[in-house]
Amino acid sequence: MKHTLSAQRWLILIIVMLTASAGDTLLGVGMKSAGPISLHHLGALIHALLNPMVIAGIVLLLGFMAANLTALSWADLTFVLPSTAFGYVVVALLARFWLHENISASRWAGIALIIAGVGFVANGPSRTEHKSEHLSTTGPV
Amino acid sequence: MSAPLIHTWAAIGCVVVTATAGDILIAGAMQRLGDLDIIRERSGIWGAIRAVLSSSMLLCGIGCMAASFFSLLFALSWADVSLVAPATASLTFITNAFAAKFFLHENVDRRRWIAAIFICAGVLLLTR
């Protein structure tokens with residue numbers, strides 16, 4: 001297993017983390033303001049897609065997609081995925097220190113668990129080295 | 001269970017299954033394609049974009065992610081974001097760890113299992 005991530009690659013993982021959480025939040029706020037949508041009224045869904053918050057959420061999620069694809073080309077899925085969860089911690093900390101919202105004891109416990117989980121993965125190898133991959137990178141002897 | 005709640009959990013189930021399938025197909029496609037940084041150095045940014053978009057496995061993965069996205073939109077319009085976002089996110093961590101081990105043959109060692117369980121529990125606690 002390989003574990004050699006450059007500063008640029010950590011930056012890609014930070015972009016994955018921030019765009020995923022911000023995109024989900026904007027999408028949630030936008031869809032709530034659009035109201036309930038049923039399968040029989042798909043026109044309402046098209047209308048919801050024109051909401052500026054939903055559009056901003058979609059743009060951020062497209063940025064997430066590009067960063068995520070780049071990260072998956074050099075790291076395992078089970079290494080990249082925890083970085084999306086770390087975004088929830090960033091949102092909770094921003095709510096506490098920027099918006100001065102109260103964070104309950106169970107939320108602090110959740111933050112600690114996510115940080116511990118991300119730490120477990122981040123300290124480990126980023127990529128499983130498969131036999132075929134190893135042969136193709138070393139080439140014929 | 002009331003009808004809307006059944007709909008909500010059905011939509012959450014759809015989001016989890018399609019998101020996992022999408023993640024596995026996309027990760028598998030990128031694994032086959034190889035390091036994008038090297039492709040970009042060799043054939044430029046457009047070459048890298050062309051290489052990514054010409055992968056049928058990746059396009060299937062994007063199709064699954066689109067299905068997941070629309071299931072998420074329906075779920076969000078029926079239920080609180082505080083239920084849907086953590087439920088789908090936390091369940092997807094566990095299903096992805098299983099799927100990555102069995103379909104992508106990733107080395108999901110004890111460290112990664114513990115991380116998946118910690119993060120799943122953490123996301124649930126965070127949104128209580």
Side-chain angles (χ1 to χ4, degrees), chain A residues 1 8-9 24-25 27-29 31-32 34-39 44-45 48-49 54 58 61 65 68-74 76-82 84-86 88-89 92 104 106-121 123-125 127-130 133 136, chain B residues 4 23-24 26-31 33-40 48 52 58 62 65 69-70 72-78 80-82 84-86 89-90 92-93 96-97 99-101 104-109 111-128:
Chain A
M1 300 223 313
Q8 191 194 347
R9 290 186 167 183
D24 276 347
T25 308
L27 212 56
V29 173
M31 288 310 292
K32 271 288 162 202
I37 293 168
S38 77
L39 279 172
L45 182 65
L49 288 175
V54 175
I58 291 172
L61 289 176
M65 191 72 184
N68 195 37
L69 285 180
T70 309
L72 286 173
S73 76
W74 37 255
D76 282 345
L77 179 64
T78 42
F79 183 86
V80 176
L81 274 182
T84 58
F86 202 74
Y88 290 105
V89 174
S104 63
S106 67
R107 281 190 149 203
W108 281 117
I111 289 173
L113 277 175
I114 293 177
I115 291 174
V118 172
F120 267 122
V121 175
N123 273 322
R127 184 83 187 232
T128 305
E129 205 165 294
H130 297 286
E133 202 179 318
S136 68
Chain B
D23 276 336
I24 294 298
I26 289 171
M30 297 315 291
Q31 212 175 65
L33 206 63
D35 193 330
L36 270 188
D37 290 341
I38 297 173
I39 297 173
R40 208 182 54 221
V52 167
L58 184 116
I62 290 176
M65 294 309 267
F69 171 76
F70 283 106
L72 180 69
L73 286 191
F74 277 112
L76 285 175
S77 73
W78 279 319
D80 288 338
V81 66
S82 59
V84 174
S90 54
T92 308
F93 277 108
N96 263 325
K101 183 171 177 60
L104 300 177
H105 308 292
E106 285 186 7
N107 184 11
V108 186
D109 54 8
R111 185 201 302 261
R112 289 189 181 181
W113 280 121
I114 292 171
I117 292 164
F118 270 32
I119 291 168
C120 176
V123 170
L124 284 175
L125 278 174
L126 199 60
T127 49
R128 274 178 67 182

Practice item. Could you tell me which portion of Val84(B) (side chain, backbone, both or neither) has an atom closer than 4.5 angstrom to a non-hydrogen atom of chain A? Key: neither
Using 0.5 Å steps for rounding, measure from the [atom1] atom of [X] to the [atom2] atom of [Y].
X	Y	atom1	atom2	result
Ile38(B)	Trp74(A)	CD1	CH2	12.5 Å
Thr78(A)	Trp113(B)	OG1	CH2	9.0 Å
Thr70(A)	Asp35(B)	OG1	CG	9.5 Å

Please find the pair of heavy atoms, one from [X] and one from [Y], that lie closest to each other, and give the distance.
X	Y	value
Phe118(B)	Ala116(A)	CD2-CB, 3.7 Å
Ala121(B)	Leu113(A)	CB-CD1, 3.9 Å
Ile26(B)	Leu69(A)	CG2-CD2, 3.2 Å
Leu125(B)	Gly110(A)	CB-CA, 3.6 Å
Phe79(A)	Arg112(B)	CB-NH2, 4.0 Å
Ser73(A)	Gly34(B)	CB-O, 3.4 Å

Exercise for review: Answer yes or no: is there a side-chain heavy-atom contact under 4.5 Å between Asp23(B) and Leu81(A)?
Suggested key: yes
**Study point:** Option that, when pairs with chain B are counted at under 4.5 Å, heavy atom only, ranks first among Leu77(A), Leu27(A), Leu49(A)
**Key:** Leu77(A)
Point to revise | chain A contacts, top residue of Val108(B), Asp37(B), Ile114(B) (heavy-atom pairs, under 4.5 Å) | key: Asp37(B)
**Study point:** Portion of Val118(A) that has a non-hydrogen atom of chain B nearer than 4.5 angstrom
**Key:** both
